[in-house]
Visitor: 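I am attaching a structure below and will ask some questions about it afterwards.
Below, each value reflects all heavy atoms present in this structure, side chains not excepted, and no hydrogens, waters or symmetry copies.
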Amino acid sequence: MPQFGMEQAQKTLETVFAPWIVELGLRPVSFDENGGSFVLPHNDRLVHVGGVVCGQATASAADTACVVTLAALNGRFRICTTVDLTTHFIRPLKPGDIEIRVEVLSNGKRMAYARVEMRARGDTRVAVTATSAFAYLED
């Protein structure tokens, strides 16, 4: 795996994405040859009237975490676009830190595929899953 650490991941999060994505506060935790781990920190602005974290926030965090994980596995950020993002909201997430794990299923020359699981910090039960496909727009 090419060298791409926490500093590069944080810089990518701060400079590549739209300001409202940056405001999610997504934090990289670790990368390995199969994927990456992140934390979506507690943020009252992501909680809707029902008292739980809104699905749009978790879907956005999943998509973003995938892109940063692909950058880590590639050793650099490659411009890409989301071709498909399918999310399943299994159980509500109460306000608090959310642990995110991205597993890269395939990372080819033109396309990449990943799977995401989200859990409330300290909870073993999966709350949100996502599968995604990305097309690279550059070599």
Visitor: Closer than 3.5 angstrom, by distance alone: can the side chain of Arg119 be matched with the main-chain N or O of Ile100 as a donor-acceptor pair?
Guide: no

Visitor: What pairs meet the ring pair (Phe, Tyr, Trp, His ring centres under 6.0 Å) rule with one or both residues in residues 38-70, with sequence neighbours excluded?
Guide: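 Matches after skipping sequence neighbours: Phe31-Phe38.
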
Visitor: Return the OG to CD1 distance between Ser60 and Ile21, rounded to the nearest 0.5 Å.
Guide: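 Here the rounded value is 4.0 Å.
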
Visitor: One pair to check against side-chain contact (heavy atoms from CB on, under 4.5 Å): Leu46 and Leu24. What are the steps and the verdict?
Guide: CA-CA 8 Å; Leu46 305 181; Leu24 291 174; 3.6 Å; yes

Visitor: Please step through side-chain contact (heavy atoms from CB on, under 4.5 Å) for the pair Phe134 and Asp63, ending with a clear verdict.
Guide: CA-CA 10 Å; Phe134 299 89; Asp63 187 66; 3.5 Å; yes

Visitor: Stepwise, does the side-chain contact (heavy atoms from CB on, under 4.5 Å) test hold for Val52 with Val47?
Guide: CA-CA 5 Å; Val52 296; Val47 178; 5.8 Å; no

Visitor: Decide yes or no on side-chain contact (heavy atoms from CB on, under 4.5 Å) for Ser132 and Thr86, but give the supporting numbers first.
Guide: CA-CA 6 Å; Ser132 55; Thr86 302; over 6 Å; no

Visitor: Which heavy-atom pair separates Leu93 from Val128 by the least distance, and what is that distance?
Guide: CD1-CG2, 3.9 Å

Visitor: Remaining members of Val126's ILVMFWY cluster at a side-chain heavy-atom cut-off under 4.5 Å?
Guide: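 Other cluster members: Ile90.
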
Visitor: Pairs in or reaching into residues 6-18: which pass side-chain hydrogen bond (donor to acceptor under 3.5 Å, both in side chains), with residues at least two apart or in two chains?
Guide: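 Output for this query lists Gln10-Glu14.
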
Visitor: Tell me which pairs pass salt bridge (Lys or Arg N to Asp or Glu O under 4.0 Å) where either residue lies in residues 79-97, with sequence neighbours left out.
Guide: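 Listed by first then second residue: Asp97-Arg121.
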
Visitor: Nearest 0.5 angstrom please: Asn34 CG to Thr69 OG1, how far?
Guide: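 Interatomic distance, Asn34 CG to Thr69 OG1, rounded to 0.5 Å: 11.5 Å.
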
Visitor: Quick one: CG on Asn43 to CD1 on Ile98, what's the gap to the nearest 0.5 Å?
Guide: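 With rounding to 0.5 Å, CG (Asn43) is 10.0 Å from CD1 (Ile98).
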
Visitor: Just to verify, what does Thr129 make a side-chain hydrogen bond (donor to acceptor under 3.5 Å, both in side chains) with, not counting sequence neighbours?
Guide: none

Visitor: Going only through I, L, V, M, F, W and Y residues with side-chain contacts under 4.5 Å, is there a path from Val83 to Val68?
Guide: no

Visitor: Would you mind writing out the side-chain donor-acceptor pairs for residues 102-112 within the sub-3.5 Å range, not counting sequence neighbours?
Guide:
residue	atom	partner	partner atom	Å
Glu103	OE2	Arg101	NE	2.7
Glu103	OE2	Arg101	NH2	3.0
Asn107	OD1	Tyr136	OH	2.6
Asn107	ND2	Asn74	OD1	2.8
Arg110	NH1	Asp139	OD1	2.9
Arg110	NH2	Asp139	OD1	3.1

Visitor: Is it the case that more than 12 heavy atoms not belonging to Arg115 sit under 6.0 Å from its CZ atom?
Guide: no

Visitor: Flag the pair Leu137 / Cys80 as yes when at least one side-chain heavy-atom distance between them is below 4.5 Å, and no otherwise.
Guide: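 They are not in side-chain contact.
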
Visitor: Taking transitive links into account, so neighbours of neighbours count too, which hydrophobic residues share a cluster with Val29 at under 4.5 Å side-chain distance?
Guide: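 Members other than Val29 - counting any ILVMFWY side chain reachable under 4.5 Å - are Val39.
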
Visitor: Side-chain heavy atoms nearer than 4.5 Å, only ILVMFWY residues, links allowed to pass through others: does that put Leu85 and Ile79 together?
Guide: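 No, it is not one cluster - the side chains of Leu85 and Ile79 are not joined through contacts under 4.5 Å.
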
Visitor: Looking at CE of Met118 and OG1 of Thr58, how far apart are the two atoms once the value is rounded to the nearest 0.5 Å?
Guide: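 Between Met118 CE and Thr58 OG1, I get 5.5 Å after rounding to 0.5 Å.
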
Visitor: Give every residue pair that meets the salt bridge (Lys or Arg N to Asp or Glu O under 4.0 Å) criterion with at least one member in residues 39-61, sequence neighbours excluded.
Guide: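 Only Glu23-Arg45 qualify under salt bridge (Lys or Arg N to Asp or Glu O under 4.0 Å).
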
Visitor: Looking at every heavy atom in both Gly25 and Pro41, which two are closest together, and how far apart are they?
Guide: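 So the minimum-distance heavy-atom pair works out to O-CD, 3.1 Å.
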
Visitor: According to ring pair (Phe, Tyr, Trp, His ring centres under 6.0 Å), does anything in residues 65-114 pair up with another residue at least two apart or in another chain? List the pairs.
Guide: none

